[in-house]
Amino acid sequence: AQSVTQLDSQVPVFEEAPVELRCNYSSSVSVYLFWYVQYPNQGLQLLLKYLSGSTLVKGINGFEAEFNKSQTSFHLRKPSVHISDTAEYFCAVGPRQAGTALIFGKGTTLSVSS
Amino acid sequence: GAVVSQHPSRVICKSGTSVKIECRSLDFQATTMFWYRQFPKQSLMLMATSNEGSKATYEQGVEKDKFLINHASLTLSTLTVTSAHPEDSSFYICSAHDRGGGYTFGSGTRLTVV
């Protein structure tokens, strides 16, 4: 079975500051890792994903994440945030097996203020 | 990129009636689709896995007679909430495996039962 722990439920930051949203996972099998963003009353938009290869993954909107197998982490980072980055962010894990659903963390609310 | 279309985006229904939510993969075939439920300020909880041409697999605690899932074609899965009650009010989101090894999500349906 897989599980995902997002270590911070809320992260308040000022505009143009760097941010890191932390995610740890647990799994007995190899997994794919994802970060999604959700704006109010909307579905999920994929920010980035790690399937294989380079452990540093670059996504949309200037976000990146690093897969660390030894620490079972997949933290999301952005060097300079904007007001428009205010949203809910979800880390998710999916086993490398067709037909299997993603398991989500509880989410982190990123609040960017001026 | 892969697109999953979900309709309706919002629906208000009277207690005791049934509501159908559709989820279509527009430019790819989705053998498997997933249905999630999201309560306010909470994460996505997997309800069921929908497989084309066969019965859905429900997660523990999800009433299969209340949440009817049909996956009649490779591009369409439906979730019907039968005899809806106010406690069924929630945000429902579908998802499908896409061609790139990831998961594409619909835009969600906000169900309000009055």
Side-chain angles (χ1 to χ4, degrees), chain A residues 1-11 21 23 25 30-53 57 59-60 65 67 74 86-111, chain B residues 1-11 21 23 29-54 56-60 62 71 77 90-112:
Chain A
Q2 294 79 41
S3 66
V4 179
T5 302
Q6 291 185 242
L7 297 161
D8 308 291
S9 59
Q10 297 189 31
V11 174
L21 306 184
C23 172
Y25 71 94
S30 295
V31 294
Y32 299 137
L33 294 158
F34 304 82
W35 274 99
Y36 288 89
V37 60
Q38 185 181 36
Y39 299 98
N41 291 312
Q42 294 187 27
L44 275 70
Q45 180 182 13
L46 178 67
L47 282 176
L48 48 80
K49 61 187 176 186
Y50 173 76
L51 304 182
S52 65
V57 181
I60 63 171
F67 169 57
F74 191 55
T86 296
E88 192 77 15
Y89 291 79
F90 292 98
C91 180
V93 61
R96 295 174 181 245
Q97 179 182 346
T100 312
L102 287 180
I103 303 300
F104 286 86
K106 292 189 175 182
T108 297
T109 302
L110 175 63
S111 300
Chain B
V3 177
V4 171
S5 176
Q6 184 173 345
H7 293 281
S9 57
R10 292 176 180 271
V11 58
I21 302 169
C23 187
Q29 293 182 331
T31 306
T32 304
M33 288 190 178
F34 309 98
W35 288 94
Y36 293 85
R37 181 174 183 176
Q38 186 180 31
F39 290 105
K41 304 293 185 183
Q42 294 189 28
S43 187
L44 283 76
M45 298 301 296
L46 179 67
M47 298 175 64
T49 299
S50 163
N51 296 296
E52 187 267 335
S54 64
T57 303
Y58 291 82
E59 295 300 299
Q60 190 173 9
V62 177
H71 195 155
S77 177
S90 192
F91 194 59
Y92 294 87
I93 307 176
C94 65
S95 168
H97 275 299
D98 59 43
R99 290 185 296 268
Y103 298 74
T104 299
F105 286 80
S107 54
T109 298
R110 171 72 61 194
L111 170 63
T112 303

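Computed from heavy atoms alone, side chains included, the values below leave out hydrogens, waters and symmetry copies. Each chain gets a letter, A, B and so on, in the order its sequence line appears, and its residues count up from 1. The model shown is predicted, which means the values in this text are computed figures rather than measured ones.
Using a 4.5 Å cut-off between heavy atoms, Gln38(B) contacts chain A through its side chain alone, with no backbone atom that close. For Phe104(A), the parts lying near chain B are the backbone and the side chain together; criterion is any non-hydrogen pair under 4.5 Å.
Along residues 43-52 of chain B, the residues that come nearer than 4.5 angstrom to chain A, judged on non-hydrogen atoms, are Ser43(B), Leu44(B), Leu46(B), Thr49(B) in order of number.
Note that the CG atom of Leu44(A) and the OH atom of Tyr36(B) stand 9.0 Å from one another [nearest 0.5 Å]. Distance check, rounded to the nearest 0.5 Å: CD of Gln42(A) to OG of Ser9(B) gives 10.5 Å. Here Phe91(B) contributes atom CZ and Gln38(A) contributes atom CD; the two are 6.0 Å apart, rounded to the nearest 0.5 Å.
For Ala87(A), the side chain to side chain contact (heavy atoms under 4.5 Å, CB included) criterion is met by Val37(A), Tyr39(A), Tyr89(A), not counting sequence neighbours.
With ring centers used as reference points, Tyr103(B) lies 6.0 Å or more from Tyr36(A).
Interface check for chain B: of the options Ala101(A), Ala92(A), Gly43(A), the most heavy-atom pairs under 4.5 Å are formed by Ala101(A). Chain B forms the most heavy-atom pairs under 4.5 Å with one residue out of Leu102(A), Leu51(A), Leu46(A), and that residue is Leu102(A).
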